[in-house]
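See structure below.
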Amino acid sequence: MARSPSTLPPAPSTAPSFAPEQLLFTPATPQPQAVPLIFAFPNQYSVGITSLGYQGVWATLAQRSDLQVSRLFTDLQESLPSEPELVGFSFSWELDYGHIFDLLEQLRIPLQSRDRTAAHPLVFGGGPVLTANPEPFADFFDLVLLGDGEVVLDAFIDGYQGVRGLPRSQQLRQLAQIPGLYVPSLYQVTYGDPQGAIARIEPLDASIPATVTKQTYRGNVLSASQVVTPQAAWENIYMVEVVRSCPELCRFCLASYLTLPFRTADLGDSLIPAIDRGLAITQRLGLLGASVTQHPQFPELLHHLSQPAYDGIRLSIASVRTNTVTETLARTLSRRGTQSLTIAVESGSDRVRRIVNKKLETAEIIAAAQQAKAGGLRGLKLYGMVGIPGETAADVEATVALMTHLKQAAPGLRLTLGCSTFVPKAHTPFQWQGVNPAAQKRLTLLQKQLRPQGIDFRPESYNWSVIQALLSRGDRRLAPLLLQVRHYGDSLGSYRRGFKTLQDQLPPLSFYVHDTWDVDQVLPWHHLQGPLPLATLQKHQAEALTPQSCS
């Protein structure tokens, strides 16, 4: 397919080389007619190469001889094709959208899909942001891949090979027939009024699927690092995915609900072989997952890593289930170079933990701190949240009381509380709930009461949480806003200015961020089916906010 010279990417004046990389896969030699493809991560190399999702997709693409794959980051790039046919983005954090704009402009590709012609590549994207709610970004992507790359990626590439050379419109229509491939331009969104809720979302005609379903990989061989490099955010780390999703189903948690069902990597067929493969080239191992210690064979895995053969490794572990913290776990981690452990408690209030379905008692949190200290760990980091639906000021005081109790129960243990503001996420039971404006003052209250006690309090920005909520629950009317924000400088003030400029063309900020939506309201992602049906999410929300849960 011919390409216009205008698509040629500019040659950087200085082209820094990639850091030394040790690959754990063998890239294929591209065939003569291989599809030129650019696979981008909208952030710096050190961030992108630490993403297990990005690594997995890149390795899958690079092992196909029918593709010629080049990587692109905001600070580094491989030699890029002058006429790419496909440009893809791994999109894992909402606020990285500005970098997507930057990279598209660098490649001289129009930002909005409606402005692209046969001279431009198809722009596709995947990752948790787009799988959850692609609608604020729908105008900027030709295709969105919904779900797990193990399922949808090869189907997409095979499908593209079948339509290669056809007119752009025909390519998109045929690709839209593949499960998990969402073509936003083939769906029309109708609003009751420019500043109101969505009235309906419909395909342009009967040949387009009315609903696009997220694709789920159900195997028990999960992801592992495909590259090890000293320039990763965690130097020379080799990562292994121990579990995917989480069985606890905290009502706010995108990582639980969006990735259902809970899957575990097989110990003998997946975990141990993957670990040994990685430790052949590095001594730093990271065990990843939303709830690693809830793997049914985790004690066996821990025993395996306790053997003398692993004495030289440095072991890191993602956030663990609080009531699975034992002295044995803490001792093993301490002996393997870990100084602290991370647990998610959400709140010091038993009542709030019941609201979010956090099946955790205060006594278990205290015990975890004591076990961590007894096992030789020096620090304990807790993740908390303010503004959870149903939370009161008394619940925030309960968090202060919990941290004070922990300090007394485990003297000498360095305590850190990272605290965020509740942000509603698509496909979770709390997707209808808004951000509580009182959260800002509650973060300030925690800071004033905890820091004088020597507790390291690390709040996330309330104002940027508001913007994250805007993007999490936004619809297509936000596309002009995002372009205005970029024009105004991508600051917090740019969003306020953009809403003022477009005030007659979209709802106010409060509609997207703070309002509690009606459960019968048409949601922006109404036509995109996640792991659970709408009725189940409604039931889970009702259970969370019943008087019994809130008392």
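Treat the numbers as computed from the prediction; the structure is a model and nothing was measured.
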Handout entry: Verdict with reasoning, Trp58 to Phe25, per ring-ring contact (aromatic ring centres under 6.0 Å, His included)
Key = CA-CA 11 Å; Trp58 165 52; Phe25 71 97; 5.2 Å; yes
Are [X] and [Y] packed together at the side-chain level, in the sense that at least one heavy-atom pair is separated by less than 4.5 angstrom?
X	Y	value
Glu150	Ser223	yes
Leu260	Lys214	no
Val69	Pro30	no
Val240	Leu288	no
Val320	Thr342	no

Taking all non-hydrogen atoms of both residues, which atom of [X] and which atom of [Y] are closest, and how far apart?
X	Y	answer
Leu254	Ala132	CD1-CB, 3.9 Å
Gln231	Ser46	O-CB, 3.1 Å
His540	Pro429	CB-CG, 3.5 Å
Gly165	Gln171	N-NE2, 3.7 Å
Glu78	Arg71	OE1-N, 2.7 Å
Pro424	Val435	CD-CG2, 3.8 Å

Handout entry: By side chain to side chain contact (heavy atoms under 4.5 Å, CB included) - contacts of Gln31 (at least two apart)
Key = Ser65, Asp66
With under 30° as parallel and over 60° as perpendicular, where do the rings of [X] and [Y] fit, or are they tilted in between?
X	Y	value
Phe73	Phe41	tilted
Phe137	Phe91	perpendicular
Phe422	Phe430	perpendicular

Salt bridge (Lys or Arg N to Asp or Glu O under 4.0 Å) partners for [X], two or more places apart:
X	answer
Lys425	Glu94
Asp102	Arg486
Asp276	none
Asp115	none

Practice task
Kindly determine whether Arg336 and Asp311 satisfy side-chain contact (heavy atoms from CB on, under 4.5 Å), including the steps that lead there.
Solution key: CA-CA 7 Å; Arg336 296 291 180 262; Asp311 281 351; 3.2 Å; yes
Under a plain distance cut-off of 3.5 Å, with no hydrogens placed, do [Y] and [X] share a side-chain donor-acceptor pair?
X	Y	answer
Ser461	Asn463	no
Tyr160	Glu85	yes
Gln77	Gln106	yes

Practice task
Step by step, work out the side-chain contact (heavy atoms from CB on, under 4.5 Å) result for Val87 and Phe39.
Solution key: CA-CA 6 Å; Val87 173; Phe39 186 47; over 6 Å; no
First locate atom [atom1] of [X], then atom [atom2] of [Y], and finally report the distance between them rounded to the nearest 0.5 Å.
X	Y	atom1	atom2	answer
Leu481	Arg477	CG	CZ	12.0 Å
Leu153	Ile157	CG	CD1	5.5 Å
Leu470	Leu482	CG	CG	7.5 Å
Arg284	Asn236	CZ	CG	8.5 Å

Handout entry: Gln484 and Tyr488: CA distance, side-chain angles, deciding distance, side-chain contact (heavy atoms from CB on, under 4.5 Å) verdict
Key = CA-CA 6 Å; Gln484 287 283 350; Tyr488 292 143; 3.3 Å; yes
Problem - side-chain contact (heavy atoms from CB on, under 4.5 Å) evaluation trace for Gln529 with Val212 - result: CA-CA 6 Å; Gln529 178 61 55; Val212 186; over 6 Å; no
Kindly check if the number of other-residue, nucleotide or ligand heavy atoms within 6.0 Å of [atom1] ([X]) is above 12?
X	atom1	value
His526	NE2	no
Tyr383	OH	no
Gln307	CD	yes
Trp464	CH2	yes

Problem - Trace of the salt bridge (charged side-chain N to carboxylate O under 4.0 Å, His left out) decision for Arg251 with Glu346 - result: CA-CA 11 Å; Arg251 306 302 194 210; Glu346 315 317 340; over 6 Å; no
Exercise for the section: May I ask you to say whether Glu241 pairs ionically with Arg244, meaning some side-chain N is under 4.0 Å from a carboxylate O? Expected result: yes
Problem - Arg116 bridged to Asp142 by N-O distance under 4.0 Å - result: yes
Problem - Backbone N/O of Arg321 and side chain of Thr293: donor-acceptor pair under 3.5 Å - result: yes
Exercise for the section: Could you tell me whether the side chain of Ser90 and the main chain of Gly127 form a donor-acceptor pair under 3.5 Å? Expected result: no
Practice task
Would you please indicate yes or no on a ring centroid separation below 6.0 angstrom for Phe156 and Phe124?
Solution key: yes
Practice task
Determine whether the aromatic ring centres of Phe101 and Phe140 lie less than 6.0 Å apart.
Solution key: yes
Just distance, no hydrogens or angles: give the donor-acceptor pairs under 3.5 Å from side chains in residues 261-275, sequence neighbours left out.
{"unit_1": "Arg263", "atom_1": "NE", "unit_2": "Pro261", "atom_2": "O", "d": "2.7"}
{"unit_1": "Arg263", "atom_1": "NH1", "unit_2": "Asp148", "atom_2": "OD2", "d": "3.2"}
{"unit_1": "Arg263", "atom_1": "NH1", "unit_2": "Tyr217", "atom_2": "O", "d": "2.5"}
{"unit_1": "Arg263", "atom_1": "NH2", "unit_2": "Thr259", "atom_2": "O", "d": "2.2"}
{"unit_1": "Arg263", "atom_1": "NH2", "unit_2": "Pro261", "atom_2": "O", "d": "3.2"}
{"unit_1": "Asp266", "atom_1": "OD1", "unit_2": "Gly268", "atom_2": "N", "d": "3.1"}
{"unit_1": "Asp266", "atom_1": "OD1", "unit_2": "Asp269", "atom_2": "N", "d": "2.6"}

